[in-house]
Amino acid sequence: MKAGDWRVALEQALASRAIKLVESASVEVSIQDAQRFGEYDNPELRPAPDRSLLPARKVKAYLKDASSKPISSLLGPEETLEDFRAAAVRAFRQALGVKS
């Protein structure tokens, strides 16, 4: 796998069942540079997703809440949410070949 090849990392995670696809899920990607003024520092300030690009027959499914357990159910007895986030970031960086 080439460093930074997210497609290979995603395929490997799917093949090993480390993650699974959710039919009504989508991913939002934004590219930012150092010229921004903090407008995306809080999730509440992000613009609403543009639904005009979704297939018309699937809009209802995309708007439906997926059933899932809270992240806190994955935490060990001594683990904090911040520990979990840090471990997730490290795992993704490693899978994508990104140097710290």
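The first residue in the sequence is number 1, and the count goes up from there.
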- request: Tell me, yes or no, whether the heavy-atom count around I71 atom CD1, taken from other residues, nucleotides or ligands under 6.0 Å, exceeds 12.
  value: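 Not buried by this count: 12 neighbours or fewer within 6.0 Å.
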message: Nearest 0.5 Å, please: how far is CZ in F84 from CG in L74?
response: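 One finds 5.0 Å between CG of L74 and CZ of F84.
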statement: For L81 and L75, the nearest pair of non-hydrogen atoms, with its separation, is N-CD1, 3.9 Å
